[in-house]
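Everything on this sheet refers to the single structure shown next.
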Amino acid sequence: MFKSKLCQLLNIKYPILQGGMAWVATAELAAAVSNAGGLGLIGAGFMPPDVLRKEIQKTKTLTNKVFGVNIMLMSPFVKEVMQVVIDERVSVITTGAGNPGEFIPALKEIGTKIIPVVASVALAKRLVRIGVDAIIAEGQESGGHIGEISTMSLIPQIVDAVNIPVIAAGGIADSRGFVAALALGAQGVQIGTRFVASLECIAHENYKAAILKARDRSTVVTGIATGHPVRIIANKFTREYEAMEKRGASAEELDAMGTGRLRIAAREGDVDNGSVMMGQICGMITDIKSVNDIIQDIIGGIPKVLRGINETI
Ligand code: TUI
């Protein structure tokens, strides 16, 4: 059924990647997504290299399918983490929040597929020239660290600008989003928030409950002034952060205030003082189900969406 170039490139059944989300995308979620026919990824976030190595080794015990690692380029351990990925011969890496250019030659040498996340046409073009294998184009609907362009505007512009597979991310959680992404020219999708609201995801139950409770306008973007915009649920923490911004706090003070907040939310379940990252599609997510059911519901729902389109045009 899937002739997507991405399935051949990555050796996966369905062109569905799981977002490599720090503190929630562990071996359990990555293995579940890969076992269900997508591409699961460990979110390395700010993980020290030895912790990542253990997580990779754990994933290998949970699945014999391909999986990947998402590397946060703002991590202080980025160089060491890249070395772990190389040592462990991880098949695919995605990168977030920066330009992975300096690491590309070493990864290409061992055949690791490199798929950076970009939020602009300019960066996509630059990365294609230095040999990346595909591009994840992430709209500002996404959770966590984001760019400025919406998925609807970003995907077709990146598709027109590059000659490698484009994966759409931001605001996708069901068959409609999947078909829409392909209509815009993408070869596949990356899904984050929907996979956090799964049985297999180890995120704290309060975090999952916050996704189910959230509506379309529940998220805000903090950090625009510091140059690190992050989409999170509006809560006590974001109100305190905004108050500090109004008082004229420095970028360093503001960044320091945000440090460690994602772990508090995702692992300790403090959804008032923590940074509860999620995408704007959260308003549509109303149940916790297995990763396999999430993927099968998306794939199984495609014919109905296509029939609906055919009846309309
Ligand atoms: O990276 C993400 N999402 C993330 S990372 C993260 S951890 C974090 N914690 C606190 C503050 C900030 C981050 C949480 N969520 N998504 C991928 C992504 N990358 N979205 C946008 C970008 C991006 C933005 C600008 C990539 C490159 C870029 O410009 C780099 C350049 O050189 O132009």
Side-chain angles (χ1 to χ4, degrees), residues 17-25 41-47 68-78 81 93-104 114-130 132 134-151 153-155 158 161 166-172 189-193 195-196 203 207 219-233 237-238 241 251-267 274-280 282:
L17 277 66
Q18 162 241 312
M21 302 162 286
W23 294 110
V24 296
L41 292 107
I42 299 164
F46 288 175
M47 264 184 206
V69 171
N70 172 267
I71 297 176
M72 236 293 270
L73 295 165
M74 294 196 301
S75 164
F77 308 113
V78 63
V81 155
I93 68 143
T94 63
T95 62
N99 182 341
E102 63 175 295
F103 304 106
I104 290 176
I114 308 149
I115 314 185
V117 179
V118 306
S120 71
V121 171
L123 184 57
K125 282 170 135 170
R126 232 184 302 151
L127 292 172
V128 168
R129 280 201 293 276
I130 51 181
V132 303
I135 291 277
I136 299 170
E138 189 183 84
Q140 58 81 37
E141 295 92 320
S142 302
H145 182 86
I146 53 169
E148 290 174 351
I149 322 283
S150 67
T151 301
S153 301
L154 185 67
I155 305 306
I158 291 191
V166 174
I167 298 146
I172 303 167
V189 298
Q190 176 184 273
I191 292 178
T193 309
F195 282 133
V196 179
Y207 200 109
T219 67
V220 291
V221 180
T222 60
I224 293 172
T226 66
H228 299 144
V230 174
R231 180 177 301 286
I232 47 184
I233 280 288
F237 163 59
T238 61
Y241 186 99
E252 290 73 29
E253 283 174 277
L254 288 164
D255 279 345
M257 186 181 173
T259 305
R261 298 282 180 158
L262 178 58
R263 187 190 60 77
I264 295 174
R267 294 293 177 86
S275 172
V276 190
M277 298 181 180
M278 66 182 77
Q280 287 182 318
C282 56

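Atoms within each ligand, like the ligands themselves, are counted from 1 in listed order. Heavy atoms only: backbone and side chains are in, while hydrogens, waters and symmetry mates are out. Treat the numbers as computed from the prediction; the structure is a model and nothing was measured.
What sits closest to atom 7 (S) of ligand 1 on the protein, heavy atoms only, is Met72 CE, 3.7 Å. Ranking the protein heavy atoms by distance from atom 2 (C) of ligand 1 puts His145 O, 3.6 Å first.
Checking only distances, Glu138 does come within under 3.5 Å of ligand 1, N or O to N or O. Taking any N or O of Thr95, backbone or side chain, none lies under 3.5 Å from an N or O belonging to ligand 1. On a distance-only criterion, Ala97 and ligand 1 share at least one N/O pair closer than 3.5 Å.
Atoms CD1 and CD1, from Ile104 and Ile114 in turn, are 5.0 Å apart once rounded to the nearest 0.5 Å. Note: Ile264 CD1 to Thr259 OG1 = 10.0 Å, rounded to the nearest 0.5 Å. Note that the NE2 atom of His145 and the CD1 atom of Ile232 stand 13.5 Å from one another [nearest 0.5 Å]. Expressed to the nearest 0.5 Å, how far CD1 of Ile71 lies from CZ of Phe103 amounts to 8.0 Å. A distance of 11.0 Å separates OH in Tyr241 from CD in Glu253, rounded to the nearest 0.5 Å. Atom CE in Met74 sits 12.0 Å away from atom OG1 in Thr95 (nearest 0.5 Å).
Relative to atom 28 (C) of ligand 1, the option among Leu123, Val117, Thr94 with the closest non-hydrogen atom is Leu123.
Atom numbering of ligand 1 starts at 1 in the shown order; those under 4.0 Å from a heavy atom of Met277 are 9 (N), 14 (C). Interface atoms of ligand 1 facing Gly144, defined by a heavy-atom separation under 4.0 Å, are 14 (C), 15 (N). Counting atoms of ligand 1 from 1 in the listed order, those under 4.0 Å from a heavy atom of Met74 are 12 (C), 13 (C). Every atom of ligand 1 is numbered from 1 in the order shown, and the set under 4.0 Å from a heavy atom of Val230 is 11 (C), 12 (C). Residue contact check: Asn99 has heavy atoms under 4.0 Å from atoms 32 (O) of ligand 1.
Heavy atoms of Ala22 come nearer than 4.0 angstrom to ligand 1 in no pair at all.
Within the 4.0 Å cut-off (strictly below), no protein heavy atom is located near atom 25 (C) of ligand 1.
Residues Arg126 and Asn99 share a closest heavy-atom pair of NH1-ND2, 3.5 Å.
Of the possible donor and acceptor atoms, none in the side chain of Thr193 sits under 3.5 Å from a partner among the backbone N and O of Cys282. Checked by atom type and distance alone, the side chain of Arg231 pairs as donor or acceptor with a backbone atom of Gln140 at under 3.5 Å.
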